[in-house]
2 protein chains.
Amino acid sequence: MAKSNPPFMSGVPELLLLRLLDNREMYGYELVRAIKEVTGEAISLGEGVIYPVLHSLERTGSLKARRKPVGGRTRVYYSLTRQGRGRLADLQEDWRRIQGGIETALESPGHA
Amino acid sequence: MAKSNPPFMSGVPELLLLRLLDNREMYGYELVRAIKEVTGEAISLGEGVIYPVLHSLERTGSLKARRKPVGGRTRVYYSLTRQGRGRLADLQEDWRRIQGGIETALESPGHA
DNA sequence: TTAGATGCCTCGAATCACAAGGTATATGAT
DNA sequence: ATCATATACCTTGTGATTCGAGGCATCTAA
């Protein structure tokens, strides 16, 4: 029935979120803009990506949420749990691995 | 409606294939192993990924195919077209862009 | 009062990658 | 001889992920 592993190169949104939240707690709408900014406009993830990932990370215990009313609106601030820090380290290592692999491939000899 | 752009970080299989074929013509089964090898085992793409991508690249004019019987079996060798070289350059630039963006994000100040 | 920004959210669809299979020939071992 | 493994091509079903577009509500500025 095809258990299907996660695609070999997913988890980048997750990685970016965890990395940002490792600095300080932030809320969803803020994270959407922060990702664009911190990647030098190279990566732009919409709310339709961010919110589900945040919820998933919370469900699996990597993040904890804190609702905070700010001027009539309500923000949901997320921060890393201990487990989340572990997850971050894992994803970071995964990323370096595949990034390194691709770099090796691109730099391998033979192209003009 | 939802025309949906390609996921922000797809096209890596495509990139790797084009890069390898920029050196010399190769056939599908060979490419499956070559990707594993050239990425230092970091990335392993099965035939279920490779063959469809090759067909797609041929259909869109980035690759041309050449059937070649070898000892009873038939291999399909692929090589880059001019257009394929352009496509490779584009994908390479895309990759550098997002790779750089992520690196910036990961190295940004603030983590212990 | 209307438009735009903030701030949360979800849904349907597109895209992609994965595992698992199916076909066929060759080779090596039993 | 026969059976397993490697080579070599392929497709199909499914699952995971992302995308776009929207909905809801509040605040601010024109």
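Proteins come first, then strands; the chains are lettered A, B, ... in the order of their sequence lines, and each starts at number 1. As the structure is a prediction and not an experimental result, all values here were calculated from the model.
- Here dG20(D) presents its P atom at 12 Å from CD of E47(A), a figure rounded to the nearest Å.
- Among the protein residues, G48(B) comes within range of the nucleic acid bases, having at least one heavy atom under 4.0 Å from a base atom.
- Dashed line: the shortest gap from a side-chain N or O of R33(B) to OP1 or OP2 of dA6(D) is not under 4.0 Å.
- In the region residues 94-105 of chain B, proximity to DNA chain D at under 4.0 angstrom, judged on heavy atoms, holds for none of the residues.
- The V49(A) side chain lies nearest to dC19(D) when the options are dC8(C), dT17(D), dC19(D).
- Not counting sequence neighbours, the partners of Y77(A) by the ring pair (Phe, Tyr, Trp, His ring centres under 6.0 Å) test are Y27(A).
- To the nearest angstrom, P of dC8(C) lies 9 Å from OH of Y77(A).
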| task | Test W95(B) against L106(A) for side-chain contact (heavy atoms from CB on, under 4.5 Å), laying out the working first. | result | CA-CA 10 Å; W95(B) 172 252; L106(A) 293 183; 3.8 Å; yes
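- As a whole-Å value, the separation of Y27(A) OH from dC9(C) P is 13 Å.
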| request: Evaluate the criterion side-chain contact (heavy atoms from CB on, under 4.5 Å) for residue pair L63(B) and T81(B); output intermediate values, then yes/no. | output: CA-CA 5 Å; L63(B) 296 182; T81(B) 62; 5.7 Å; no
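- A salt bridge links E14(A) with R87(A): at least one charged nitrogen is closer than 4.0 Å to a carboxylate oxygen.
- The stretch residues 60-75 of chain A touches DNA chain D through G71(A), G72(A), R73(A), each having a heavy atom within less than 4.0 Å of the strand.
- If you measure from atom CG of L45(A) to atom P of dG20(D), you get 10 Å, rounded to the nearest angstrom.
- Atom OH of Y51(A) is separated from atom P of dG20(D) by 17 Å (rounded to the nearest Å).
- Here dC9(C) presents its C1' atom at 15 Å from CG of L31(A), a figure rounded to the nearest Å.
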| Derivation of the side-chain contact (heavy atoms from CB on, under 4.5 Å) call for V38(A) and I43(A) | CA-CA 9 Å; V38(A) 83; I43(A) 296 174; over 6 Å; no
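- OP1 or OP2 of dC9(D) has not a single side-chain nitrogen or oxygen of H55(B) nearer than 4.0 Å.
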| request: Take R97(A) and E93(A) through the side-chain contact (heavy atoms from CB on, under 4.5 Å) test and state the conclusion after the steps. | output: CA-CA 6 Å; R97(A) 214 174 130 63; E93(A) 193 181 324; 5.8 Å; no
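- Atom-to-atom, CE of M9(B) to C1' of dT18(D) comes out at 12 Å; the value is rounded to the nearest Å.
- Side-chain atoms of F8(A) lie closest to dA17(C) of the nucleotides dC8(C), dC19(D), dA17(C).
- Spacing between atom OH of Y29(B) and atom P of dT11(D) amounts to 17 Å, rounded to whole angstrom units.
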